[in-house]
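Heads up: the structure comes next, in structure tokens.
Just so you know, residue 1 is the first one in the sequence shown, and it goes up from there.
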Amino acid sequence: MWKDLIRTTSTECVFEEPASMEDIAVLEKLFNIQIPDELKTLLCETNGTNDSNGNPIIWSTEQIIRENLNLGERIEDTYILFNNLLFVAGDGDMFGYSTSEGVIKQNNIYVWNYENNRRKQVATSLKKFIEGRINRKLSI
């Protein structure tokens, strides 16, 4: 489903091997969060997607963990997500889901502005985010 969707938007994207359920479980346990089904199904189909220049459209589980660890805060064996955002993409601008007490209630994707520490909704779903990112039509 996700590869087909991405291919209809761009034939030049590069797909990775699918994430394992263990990879996803590590991500969820580390941040004490349940990731949305739309992200889970994408990661199970392709563990990260890049454009033809190697720029990430959606990070792999490993990069999602690494980038969120770099910004987050550790309390015992759990990490607290920075600014209540689970970042899933970025290349300067950081994009992610809004979280509240370990729950992602909506599939909206936000961009975080590091200069003023504010967020802005850029897409109502992962599908819309990917299409906007590939077509360079996200309003940041």
Side-chain angles (χ1 to χ4, degrees):
M1 174 195 130
W2 285 102
K3 287 182 181 180
D4 292 338
L5 168 87
I6 293 168
R7 283 186 188 115
T8 62
T9 308
S10 172
T11 58
E12 299 178 359
C13 290
V14 178
F15 301 104
E16 300 299 328
E17 291 297 315
S20 69
M21 291 310 290
E22 292 82 19
D23 293 336
I24 292 169
V26 167
L27 168 63
E28 290 181 321
K29 183 176 181 183
L30 193 59
F31 296 107
N32 192 29
I33 193 161
Q34 184 174 359
I35 64 172
D37 287 341
E38 64 177 9
L39 179 59
K40 197 176 290 189
T41 57
L42 181 140
L43 293 171
C44 286
E45 202 172 316
T46 177
N47 192 11
T49 304
N50 297 323
D51 67 16
S52 59
N53 296 319
N55 299 315
I57 296 168
I58 293 291
W59 294 333
S60 66
T61 53
E62 179 183 311
Q63 190 168 6
I64 291 170
I65 290 170
R66 183 175 57 247
E67 297 294 339
N68 283 279
L69 285 177
N70 285 339
L71 291 170
E73 176 183 339
R74 183 177 181 181
I75 298 178
E76 295 181 17
D77 291 334
T78 302
Y79 285 84
I80 306 302
L81 293 168
F82 174 76
N83 217 13
N84 292 322
L85 288 165
L86 175 69
F87 294 111
V88 297
D91 54 8
D93 294 315
M94 302 279 279
F95 301 93
Y97 291 96
S98 178
T99 68
S100 177
E101 299 177 13
V103 177
I104 296 172
K105 296 178 181 174
Q106 298 177 332
N107 289 331
N108 300 331
I109 304 289
Y110 296 84
V111 63
W112 171 63
N113 184 325
Y114 66 90
E115 292 175 352
N116 62 16
N117 197 28
R118 293 193 179 167
R119 68 179 86 177
K120 175 185 172 187
Q121 182 181 326
V122 293
T124 56
S125 68
L126 189 59
K127 176 183 184 276
K128 296 284 186 196
F129 171 74
I130 290 171
E131 290 170 341
R133 192 143 161 87
I134 291 171
N135 294 325
R136 293 176 168 60
K137 291 186 179 179
L138 286 181
S139 176
I140 301 175

Not counting sequence neighbours, which residues clear salt bridge (Lys or Arg N to Asp or Glu O under 4.0 Å) with Asp37? List them please. none
Partners meeting side chain to side chain donor-acceptor pair (under 3.5 Å) with Ser98 (sequence neighbours left out): Arg119
Rounded at 0.5 Å granularity, tell me how far CG in Leu27 sits from CG in Leu43. 7.5 Å
Are the side chain of Ser10 and the backbone of Arg7 linked by a donor-acceptor contact shorter than 3.5 Å? no
Measure the spacing between CG of Leu138 and CD1 of Ile134 and express it to the nearest 0.5 Å. 10.5 Å
Which residue pairs pass the salt bridge (Lys or Arg N to Asp or Glu O under 4.0 Å) test when at least one of the two sits in residues 47-63, sequence neighbours left out? Glu62-Arg66
Does anything in residues 118-140 form a ring pair (Phe, Tyr, Trp, His ring centres under 6.0 Å)? List the pairs, not counting sequence neighbours. Phe95-Phe129
Per the salt bridge (Lys or Arg N to Asp or Glu O under 4.0 Å) rule, what does the pair list look like for residues 92-110, sequence neighbours excluded? none
With side chains defined as the heavy atoms from C-beta onward, is the minimum distance between Ile58 and Ile130 less than 4.5 Å? yes
Tell me if a side-chain donor or acceptor on Glu45 pairs with a main-chain N or O of Trp2 at a distance below 3.5 Å. yes
The ring-ring contact (aromatic ring centres under 6.0 Å, His included) partners of Tyr110 (sequence neighbours excluded) come to none
Decide whether Val14 and Leu5 are clustered together by the hydrophobic rule: side chain heavy atoms of Ile, Leu, Val, Met, Phe, Trp, Tyr closer than 4.5 Å, transitively. no
Does atom CD of Gln121 have more than 12 heavy-atom neighbours, drawn from other residues, nucleotides or ligands, at distances under 6.0 Å? yes
Which residues satisfy the side chain to side chain donor-acceptor pair (under 3.5 Å) test with Asn83, sequence neighbours excluded? Asn117
Drop me the distance from Leu86's CG to Thr99's OG1, to the nearest 0.5 angstrom. 7.5 Å
Give me the atom names and distance for the closest heavy-atom approach of Ser125 to Ile109. O-CG1, 4.0 Å
In chain order, what residues pass the side-chain contact (heavy atoms from CB on, under 4.5 Å) check against Leu69, with sequence neighbours excluded? Leu30, Phe31, Ile65, Tyr79
Residue set satisfying salt bridge (Lys or Arg N to Asp or Glu O under 4.0 Å) with Glu28, at least two apart, ordered chain then number -> Lys40
Using 30° and 60° as the class boundaries, would you call the ring planes of Phe82 and Trp112 parallel, tilted or perpendicular? perpendicular
Close side-chain approach of Thr61 and Ile24, heavy atoms under 4.5 Å: yes
If you compare all heavy atoms of Thr49 against all heavy atoms of Cys13, which two are closest, and at what distance to 0.1 Å? CG2-CB, 4.1 Å
For Ser52, side chain to side chain donor-acceptor pair (under 3.5 Å) partners two or more places apart: Glu12
My understanding is that only residues two or more places apart in sequence, or in another chain, count here; which of them pass side chain to side chain donor-acceptor pair (under 3.5 Å) with Asp23? Ser20
By the salt bridge (Lys or Arg N to Asp or Glu O under 4.0 Å) test, which pairs, at least two apart or in different chains, include something from residues 120-140? Asp91-Arg133, Lys127-Glu131
